Amino acid sequence: MEPVRTHRAKTVVEAARLHRASVRRERGQTLVEGPDLLADVVSAGAGVVEVFGIAPDGDSAITAVDQRALERLAGTKSPRGPVAVVEIPVERLDRDRNLLVSMGVSDPGNVGTMIRTAAAFDWGFAYTDGSADPWAPKTIRAGAGGQFQTPIARIGSISELKRWTTVATVARGGEAPRTVVDRPVAVLVGEEASGLDKSIIETAHYRVTIQTPGVTESLNAAVAAAITVFALEEGSGDLRSDV
């Protein structure tokens with residue numbers, strides 16, 4: 001039987017380095033934690049390099065580690081396990097899909113939730129410099145593995161989105177999402193505190209605002225993105241019902 005690896009074991013140390021963005025880019029790999037998330041990622045076709053866990057005797061598919069090593073790999077306290085090293089898919093833009101775009105959204109939870117929304121509605125996802133890394137373990141958890149279910153690509157600027165009708169999301173002064181009629185669309189979402197740059201807003205084909213009758217000044221970036229996507233799908237008649 002293979003020995004149980006500690007937090008100092010070379011294989012554990014090397015895998016834990018994937019918490020660093022530069023290492024993820026260099027190796028084209030990331031970390032996925034938890035049985036359900038790992039199962040979803042595998043179902044989506046991701047290549048699994050190695051799986052670490054506190055495994056029962058005789059489970060040769062799992063590299064056995066102790067609790068401290070599992071915590072180092074997961075980057076969280078009291079992780080569920082297992083933690084797997086998986087291959088990052090080749091990034092690409094699907095020009096036949098609508099697109100949700102992070103224009104510098106820096107919070108991993110927001111970016112992950114936006115990716116989850118894109119995957120749920122069969123949209124693609126793009127991101128610019130300044131955005132949280134879609135392939136960071138925390139972002140993958142927030143995205144429920146949607147990173148492996150929909151096309152994702154880094155873009156340098158909206159000049160790369162000439163194929164799409166660009167839709168800038170603004171806190172106030174925009175039209176209702178239902179007024180956007182041209183497809184495919186690229187919905188641009190800015191950082192929660194500062195929003196989109198003025199130059200991007202002015203360049204976009206449409207500017208949309210979600211009207212809220214309550215007293216809250218604005219919506220969370222990921223929530224605003226999800227509502228906008230839903231409204232655009234509903235307005236285009238693309239939403240399907242199983243009823």
Side-chain angles (χ1 to χ4, degrees), residues 91 93-134 139 142-144 146-147 149-239:
E91 292 194 345
L93 283 178
D94 185 339
R95 298 183 177 278
D96 293 325
R97 299 186 192 220
N98 295 320
L99 198 61
L100 188 54
V101 187
S102 165
M103 304 294 295
V105 179
S106 62
D107 181 76
N110 279 338
V111 170
T113 302
M114 288 169 63
I115 292 171
R116 186 173 184 175
T117 296
F121 286 94
D122 201 28
W123 287 35
F125 181 82
Y127 64 103
T128 63
D129 288 342
S131 297
D133 182 4
T139 314
Q147 287 86 339
Q149 300 165 347
T150 196
I152 292 178
R154 180 194 295 268
I155 62 171
S157 69
I158 62 171
S159 64
E160 297 178 39
L161 303 178
K162 293 178 180 178
R163 168 76 176 87
W164 290 266
T165 297
T166 50
V167 179
T169 55
V170 294
R172 56 189 60 83
E175 303 172 85
R178 66 176 177 273
T179 62
V180 179
V181 295
D182 301 311
R183 298 293 188 276
V185 295
V187 173
L188 314 176
V189 181
E191 178 71 311
E192 193 161 303
S194 56
L196 294 167
D197 289 344
K198 182 179 179 181
S199 60
I200 292 173
I201 294 172
E202 292 175 345
T203 303
H205 296 102
Y206 289 89
R207 291 178 289 279
V208 301
T209 297
I210 299 167
Q211 299 297 330
T212 54
V215 296
T216 301
E217 182 179 351
S218 62
L219 295 168
N220 167 277
V223 171
I227 293 173
T228 302
V229 168
F230 178 83
L232 289 168
E233 286 284 327
E234 187 178 47
S236 68
D238 288 343
L239 287 177

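Being a predicted model, the structure only gives us computed values, none of them experimental.
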Inset, instruction - Taking N220 for its side chain and V223 for its backbone only, find out whether a donor-acceptor pair lies under 3.5 Å. - result: yes

Inset, instruction - Mark yes or no for whether T179, through its side chain, and E175, through its backbone, hold a donor-acceptor pair below 3.5 Å. - result: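 Side chain of T179 to backbone of E175: no pair is present.
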
Tell me every residue that passes side chain to side chain contact (heavy atoms under 4.5 Å, CB included) with [X], counting only those two or more places apart in sequence or in another chain.
X: D129; value: R154
X: S131; value: S102, Y127, T128
X: A221; value: N110, V189, E192
X: V229; value: L100, T117, F121, W123, E233

Legend entry - Verdict with reasoning, V170 to I201, per side-chain contact (heavy atoms from CB on, under 4.5 Å): CA-CA 8 Å; V170 294; I201 294 172; 3.8 Å; yes

Atom of [X], atom of [Y] and distance for their closest heavy-atom approach:
X: T209; Y: A171; result: CG2-O, 3.2 Å
X: A168; Y: A204; result: CB-CB, 3.7 Å
X: L219; Y: A224; result: CB-CB, 4.2 Å
X: L93; Y: A126; result: CD2-CB, 4.0 Å
X: A186; Y: V101; result: CB-CG2, 4.2 Å
X: T139; Y: D133; result: OG1-O, 2.9 Å

Sequence neighbours excluded, which residues qualify as side-chain hydrogen bond (donor to acceptor under 3.5 Å, both in side chains) partners of [X]?
X: R97; value: D94, D122
X: E191; value: S106
X: D107; value: none
X: D182; value: Y206

Legend entry - Reported CZ-to-CZ distance for the pair F125 and R116, which is rounded to 0.5 angstrom: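 Reported to 0.5 Å precision, the distance equals 14.5 Å.
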
Legend entry - Spacing of CD1 belonging to I210 relative to CD1 belonging to I227, to within rounding of 0.5 Å: 4.5 Å

Inset, instruction - If a pair satisfies side chain to side chain donor-acceptor pair (under 3.5 Å) and one of its residues is in residues 156-168, list it, with sequence neighbours excluded. - result: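 Applying side chain to side chain donor-acceptor pair (under 3.5 Å) to every pair that reaches into residues 156-168, excluding sequence neighbours, yields S157-S159, T166-H205.
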
Legend entry - L188 vs T169, side-chain contact (heavy atoms from CB on, under 4.5 Å): CA-CA, chis, key distance, verdict: CA-CA 6 Å; L188 314 176; T169 55; 5.7 Å; no

Legend entry - Qualifying residue, where the test is side-chain contact (heavy atoms from CB on, under 4.5 Å) with P184 and the options are L161, L99, N98: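 Of L161, L99, N98, side-chain contact (heavy atoms from CB on, under 4.5 Å) with P184 is met by N98 alone.
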
